[in-house]
Amino acid sequence: MKQYLQKAVGEVLSSLHYSSGALFFEKPKVAAHGDLTTNIAMLLAKEAKKNPRQVAQEITGALHPDPALVAAVEIAGPGFINFRFTPGWVVESAKEILRQGSAFGKTNPANGRLTNVEWVSANPTGPLHSGHGRQVILGYTVANLLEWTGHAVTREYYFNNAGNQMLNLGESIYARYRESLGDSYAFPENGYAGEYIKDIAAAIAAEHGDALRESGEDKKYFRQRGEEWCFASIKKTLERLGVRHDVYYNEDSLYSSGKINEVIEEFRAKGLAYDLDGAVWLKATELGLEQDRVIVKSTGEPTYRLPDIAYHREKFRRGFDLVVDIFGADHIATIPDVLAGVRALGYETENVKVIIHQMVSFVEGEEVVKMSKRSAKVYTLDELIDEVGADAVHYFFVMRSANTHLEFDIELAKEQSDKNPLYYLQYAHARIASILRFAQEQGYPVDDVAALLPSVANALLKEDAEVNLLKLLLDFPEMIQSCAFGYEPHRLTTYLREVAEAFHRFYHDCRVLGEDKSLSTARVALCLMAKTVIFNGCTILGVSAPEKM
RNA sequence: GCACCCGUAGCUCAACUGGAUAGAGCAUCAGACUUCGAAUCUGAGGGUUGGGGGUUCAAGUCCCUCCGGGUGUACCA
């Protein structure tokens, strides 16, 4: 419909010698203002030095939309042009929902664009903690949204199993191992204090006894065992949330393949790197940043910036033309350096989309749940899943805009009542399923789309509650596009809540199964449409849509 | 100090590239089940969008400034 109006109004504009560059349609906030509106007359009025309403008159006077689609065109307020759809068009388009079923909502504006979404990327030094949940879920949902809008998505996890943190992990496990042998052995100052370190150490002690007591300087075995354990733990947690990555990209491969040195040499050749105090510095000030940064430490080890730059360049070399990174706000400082570096290597960073989410705090009713990374008592993501369930983890972490601080209410997430927005949504789905089961018993062709389609007619579905529900359901594909375009999954949760609400309203106002068989069939079809949209939305969110609760 | 994010109803938050009367949920109050799931629905009250300036026909949204909160600001990742 938007495309139709875009074209029709666009033609009118050019016939009137107006520019149509700023022509947009949007859904008015207030239903009384019609189904779609445009502000084009007010924008044109300025350059034409005319009254906006007068410009709107000119446009509508020359506009003759198809009466089968558009019921009314009105000029309102300071010069908005409002369009109202015909009920016939609404009902006719709604048939698509039934025809497409589980594919309804999928569109292809991105046309197979090769897209890399990188997220989680936690190093294997411990289990995922509850705060990681936000980015785990955010990336999962964004990747789904991109896929539903035609991106060819590669889901990627970037990790480093070679740096200082890993050495520290090995040392920490070794220390716990010695303790378990009854030795008094100093625990590393910044060692990992978590209980899991003791578990790993205990497992090693059980297998090897004291045979590894004198491992000398090399704690490689301990490090390896730690890495295996941590990765297994992380992957298991992700699995519980249905999160899968296509590629695990090891930072180490950037060294072994010489990609790191290549970048250094290129920076040197471009005069963007210099030596000072035994370290190699990136001339970031040359790239418009505040200060120069070390890329190779005086010890000879690169800082994280260098591999990050090389890694991003590799993504482009691998053929991706959209690169999406998801970071927590605590990593925000690294981004400008990395982008500047990539740009200096000759790549367009406008195709790098960095999504930064703000921090999460957990509350249980009135109480704030304290969590400290350094302390031994870390609330893991696994424990959060145990506590509230995978569905609530999915829903609650994307419920709010990424760039605002998120308050995760554990008590609310557990609550099985109308207070919990997730339950409200799932209840709507279960309720529809229940009605459809009942309808099936009565002999309605619930599973037979071809048999239901003819009943979908505007002579039958004409109550306000029915038409409003239909219109809302028809917004679904565009809603997904706009969520994907803005990387804003939280808007999908709001939308789905509205769908559930519109359905409950319809259920309340209109009896589905009544005396009139053809009307009942039409309403069964409408139930099925609502169920389809809720189901598809839940699929994108990674939330289950239960048949019964 | 500097950079980024936030400040909207008692609480948690929406508001699509600036649009019309700033919206939901929870909480509070008042109502609705002999009928397909009351885990539902209907209604009411609740606001100077942190303060002040500016741009615009139009500002919660853009610009400047001040105040308050968060996250960073490493030869850690």
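Naming convention: chains lettered A, B, ... in sequence-line order (proteins, then strands); numbering from 1 in each chain.
In this model, a side-chain donor or acceptor of Thr37(A) finds a partner on the base of A20(B) within 3.5 Å. Side chain Thr303(A) to base C75(B): no donor-acceptor pair is found below 3.5 Å. The base of G72(B) lies outside donor-acceptor range of the side chain of Asp330(A), with no N or O pair under 3.5 Å. For A20(B), its base sits under 3.5 Å from the side chain of Asn82(A) at one donor and acceptor pair at least.
Within the 4.0 Å cut-off from OP1 or OP2 of C36(B), not a single side-chain nitrogen or oxygen of Tyr444(A) is found. At U42(B), one or more side-chain N or O atoms of Arg505(A) fall inside 4.0 Å of OP1 or OP2 (strictly under the cut-off). One finds a side-chain N or O of Tyr424(A) lying less than 4.0 angstrom from the OP1 or OP2 phosphate oxygen of C41(B). Residue Lys419(A) places none of its side-chain N or O atoms closer than 4.0 Å to OP1 or OP2 of U12(B). In this model, the phosphate group of C16(B) is not approached by any side-chain N or O of Ser482(A) to a distance below 4.0 Å at OP1 or OP2.
Proximity note for Gln165(A) (side chain, C-beta onward) versus C75(B), C76(B), U73(B): the nearest is C76(B). Closest contact between the side chain of Asn123(A) and the listed nucleotides C6(B), A77(B), C36(B) involves A77(B). If you check A77(B), A74(B), A38(B) against the side chain of Tyr304(A), the one that comes closest is A77(B).
Nucleotides C26(B) and U73(B) are separated by 38 Å at their C1' atoms, to the nearest Å. Between G52(B) and U61(B), the distance separating the two P atoms is 13 Å to the nearest Å. With P as the reference atom, C4(B) and G45(B) are 42 Å apart, rounded to whole Å. On the C1' atoms, A58(B) is 23 Å away from G51(B), given to the nearest whole Å. Here, A32(B) and A14(B) have their P atoms 36 Å apart, quoted to the whole Å. Rounded to a whole angstrom, the distance from the P atom of G23(B) to that of U48(B) is 15 Å. Spacing of P atoms, A39(B) relative to A27(B), comes out at 15 Å, to the nearest Å. For C41(B) and U65(B), the C1' atoms lie 49 Å apart once the distance is rounded to whole Å.
Nucleotide C33(B) is shown with a syn base, its glycosidic torsion being within 90° of 0.
Nearest-nucleotide positions on RNA chain B place Lys29(A) closer to the 5' end than the other of Gly77(A) and Lys29(A). In this structure, Pro78(A) and Leu406(A) both approach RNA chain B, and ranking their closest nucleotides by distance from the 5' end singles out Leu406(A).
The distance between atom NE2 of His405(A) and atom P of U71(B), rounded to the nearest whole Å, is 8 Å. Atoms CG (Asp308(A)) and P (C76(B)) sit 14 Å apart, rounded to a whole Å. With rounding to whole Å, Leu254(A) atom CG is found 14 Å from A77(B) atom P. Rounded to whole Å, the distance from CD1 on Ile355(A) to P on C5(B) is 15 Å. A straight line from CZ of Arg497(A) to P of C26(B) spans 6 Å, rounded to a whole angstrom. Rounded to whole angstrom, the span from the CE atom of Met42(A) across to the P atom of U17(B) amounts to 15 Å. If you measure from atom CG of Asp509(A) to atom C1' of A32(B), you get 13 Å, rounded to the nearest angstrom. Summarising the geometry, the separation between CE on Met399(A) and P on U12(B) is reported as 13 Å, rounded to the nearest angstrom.
Geometrically, Arg431(A) engages Tyr507(A) in a cation-pi contact, judged by NZ or CZ lying under 6.0 Å from the ring centre and within 45° of the ring axis.
Under the Watson-Crick and G-U wobble criteria, each requiring two contacts below 3.5 Å, nucleotide U61(B) is left unpaired. Remark: C36(B) base-pairs with no nucleotide; criterion is Watson-Crick or G-U wobble with both hydrogen-bond distances under 3.5 Å. Under the Watson-Crick or G-U wobble criterion, with both distances below 3.5 Å, C16(B) is left unpaired in every strand shown.
Taking a 6.0 Å sphere around CZ of Phe485(A), one finds it holds 12 or fewer heavy atoms contributed by other residues, nucleotides or ligands. Shown here is Phe535(A), whose CZ atom has no more than 12 heavy atoms of other residues, nucleotides or ligands within 6.0 Å.
At the heavy-atom level, Asp409(A) lies nowhere under 4.0 Å from the strands shown. Within the nucleic acid shown, His504(A) comes within 4.0 Å of sugar-phosphate atoms alone, with no base atom in reach, counting heavy atoms only. Using a 4.0 Å heavy-atom criterion, one finds that Leu43(A) contacts the bases of the nucleic acid, with or without backbone contacts as well. Residue contacts shown for Glu488(A) are absent, as no nucleic acid heavy atom lies under 4.0 Å away.
Stacking annotation: His331(A) is not stacked on the base of A77(B) (requires ring centroids less than 5.5 angstrom apart and an interplanar angle below 30 degrees). Between the side-chain ring of Phe80(A) and the base of A20(B), a stacking contact exists by the 5.5 Å and 30° definition.
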Determine, step by step, whether Phe506(A) and Phe503(A) satisfy the ring pair (Phe, Tyr, Trp, His ring centres under 6.0 Å) criterion, reporting the C-alpha distance in whole Å, the side-chain angles of both residues, the deciding distance to 0.1 Å, and the verdict.
CA-CA 5 Å; Phe506(A) 153 73; Phe503(A) 174 79; 5.8 Å; yes
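Annotation for Phe396(A) and Asp409(A): closest pair CE2-O, 4.2 Å, computed over non-hydrogen atoms. The shortest non-hydrogen separation linking Arg268(A) to Val280(A) is NH2-CG2, 3.6 Å.
Ion pairing of Glu407(A) with Arg400(A) is absent here, as no side-chain N (NZ or NE/NH1/NH2) approaches a carboxylate O to less than 4.0 Å.
Note that CG of Asn161(A) and CG of Asp252(A) are 6.0 Å apart. Values are rounded to the nearest 0.5 Å.
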